[in-house]
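Have a look at the structure below, then the notes.
Counting from 1, the numbers follow the sequence of the chain as shown.
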Amino acid sequence: ARWLQYPMGHEVCPAQIDDVAEYRSPRQVMDMRVEIRSVVKLLHGTESFLYVEAVQQVADAYLDNGLARQALEHAMQACKLNQRISHRNPRCEHFHPTILLTVGRALSAQKKFDEAREVLRQALELLTKHLYLPSDKRAALQGDLLAVLGDADAKHSLAGEASVPHLDE
């Protein structure tokens with residue numbers, strides 16, 4: 001786990017927040033994530049992968065608190081930052097599907113199912129295309145899932161229904 005050094009010698013490990021999240025309310029976890037994002041910004045600046053990761057985690061925390069609009073704003077910010085620094089840090093490419101998943105969840109929570117479906121499809125395509133070799137079983141499974149999404153689109157468009165269910169239900 002990475003340790004973040006607070007000024008004055010205090011240390012915080014983001015993984016520790018995940019460990020204690022079950023003992024804290026979603027609001028407390030959200031407040032901690034916002035604080036960590038601020039500290040990361042001070043220590044590493046906005047052009048660092050750690051900052052992108054911190055912004056995305058704030059977006060997830062907002063979603064956990066039912067704040068879909070704020071979650072979408074932060075997820076989109078993380079997405080733009082990640083794309084901007086991706087040429088300097090190879091971790092950005094691997095992290096982008098995670099950000100897109102958060103964007104898709106936030107859109108879904110706002111009942112913007114067509115937009116959510118497209119963003120989630122992009123996340124799956126990135127995983128299939130960039131992270132797994134064609135011989136990897138996970139790539140085949142994701143390819144199958146993309147095909148299922150395509151079939152679901154066709155079936156639901158005939159029935160006049162949204163093909164992406166609300167993820168919080």
Side-chain angles (χ1 to χ4, degrees), residues 1-4 12-22 24 26 29-41 43-110 112-134 136-146 148-149 164-169:
R2 279 187 316 280
W3 288 86
L4 304 176
V12 168
C13 176
Q16 282 183 327
I17 290 176
D18 293 334
D19 293 340
V20 300
E22 66 188 76
R24 300 194 182 269
V29 172
M30 182 178 70
D31 290 343
M32 285 191 297
R33 294 230 184 264
V34 169
E35 182 180 344
I36 286 177
R37 182 203 56 202
S38 298
V39 171
V40 169
K41 182 178 180 180
L43 296 176
H44 301 282
T46 59
E47 299 290 315
S48 70
F49 178 75
L50 287 175
Y51 184 71
V52 170
E53 191 175 36
V55 171
Q56 189 276 330
Q57 289 173 349
V58 168
D60 276 342
Y62 278 135
L63 269 175
D64 292 343
N65 280 277
L67 302 170
R69 185 181 56 78
Q70 293 90 334
L72 181 59
E73 289 171 5
H74 282 77
M76 293 301 294
Q77 179 189 12
C79 192
K80 289 175 186 173
L81 290 169
N82 195 57
Q83 289 173 334
R84 191 166 63 221
I85 67 167
S86 63
H87 67 282
R88 294 192 309 254
N89 192 326
R91 292 186 292 178
C92 292
E93 181 180 7
H94 294 279
F95 193 60
H96 202 67
T98 301
I99 298 169
L100 290 177
L101 176 61
T102 302
V103 171
R105 288 178 54 219
L107 288 167
S108 181
Q110 294 182 40
K112 296 178 181 179
F113 298 122
D114 290 336
E115 293 174 63
R117 179 180 52 244
E118 188 55 38
V119 169
L120 294 171
R121 178 173 294 145
Q122 288 174 21
L124 281 170
E125 287 173 356
L126 281 173
L127 285 170
T128 303
K129 183 178 178 182
H130 295 294
L131 300 184
Y132 300 126
L133 297 173
D136 192 316
K137 291 179 184 177
R138 293 172 291 188
L141 291 172
Q142 288 168 345
D144 291 345
L145 184 54
L146 285 170
V148 168
L149 276 176
V164 177
H166 192 276
L167 297 177
D168 291 335
E169 295 179 353

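- A search for side-chain contact (heavy atoms from CB on, under 4.5 Å) contacts involving N89 returns F49, R91, C92, not counting sequence neighbours.
- Without hydrogens or angle criteria, Q70 side chain to A59 main chain gives no donor-acceptor distance under 3.5 Å.
- The nearest pair of heavy atoms linking N65 to P26 is ND2-O, 3.0 Å.
- Counting heavy atoms from C-beta on, the side chains of R121 and E118 come closer than 4.5 Å.
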Go through the steps for M30 and D64 under the test side chain to side chain contact (heavy atoms under 4.5 Å, CB included), then give the verdict. CA-CA 8 Å; M30 182 178 70; D64 292 343; over 6 Å; no

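- Taking CD from Q77 and CG from L72, the interatomic distance works out to 11.5 Å, rounded to the nearest 0.5 Å.
- A donor-acceptor contact shorter than 3.5 Å links the side chain of R88 to the backbone of E47.
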Determine, stepwise, if the pair R105 / D60 fulfils salt bridge (Lys or Arg N to Asp or Glu O under 4.0 Å). CA-CA 9 Å; R105 288 178 54 219; D60 276 342; 3.2 Å; yes

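- Annotation: side chain of Q83 is in contact with side chain of H96 (closest heavy-atom distance under 4.5 Å).
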Might you work through the side chain to side chain contact (heavy atoms under 4.5 Å, CB included) test for L67 and L63, ending with a clear yes or no? CA-CA 5 Å; L67 302 170; L63 269 175; over 6 Å; no

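- Minimum heavy-atom separation, A116 to S108: CB-N, 3.8 Å.
- A distance of 11.5 Å separates CG in L120 from CD in E115, rounded to the nearest 0.5 Å.
- Rounding to the nearest 0.5 Å gives a distance of 11.0 Å between OG of S86 and CG of L81.
- Side-chain contact between I36 and V58: absent, with no pair of heavy atoms (C-beta onward) separated by less than 4.5 Å.
- The shortest distance between side-chain heavy atoms of L50 and E53 falls below 4.5 Å.
- Looking at residues two or more places apart in sequence or on another chain, you find no ring-ring contact (aromatic ring centres under 6.0 Å, His included) involving Y51.
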Would you check, one step at a time, whether the test side chain to side chain contact (heavy atoms under 4.5 Å, CB included) holds for V52 with I99? CA-CA 9 Å; V52 170; I99 298 169; 3.8 Å; yes

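- The two residues V119 and L100 come nearest to each other via the heavy atoms CG1-O, 3.1 Å.
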Determine whether S48 and K41 satisfy the following criterion, side chain to side chain contact (heavy atoms under 4.5 Å, CB included), listing intermediate values before the conclusion. CA-CA 8 Å; S48 70; K41 182 178 180 180; over 6 Å; no

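- Atoms OG1 and CD, from T102 and Q56 in turn, are 4.0 Å apart once rounded to the nearest 0.5 Å.
- Residues in residues 66-75 take part in these salt bridge (charged side-chain N to carboxylate O under 4.0 Å, His left out) pairs, two or more places apart or across chains: R69-E73.
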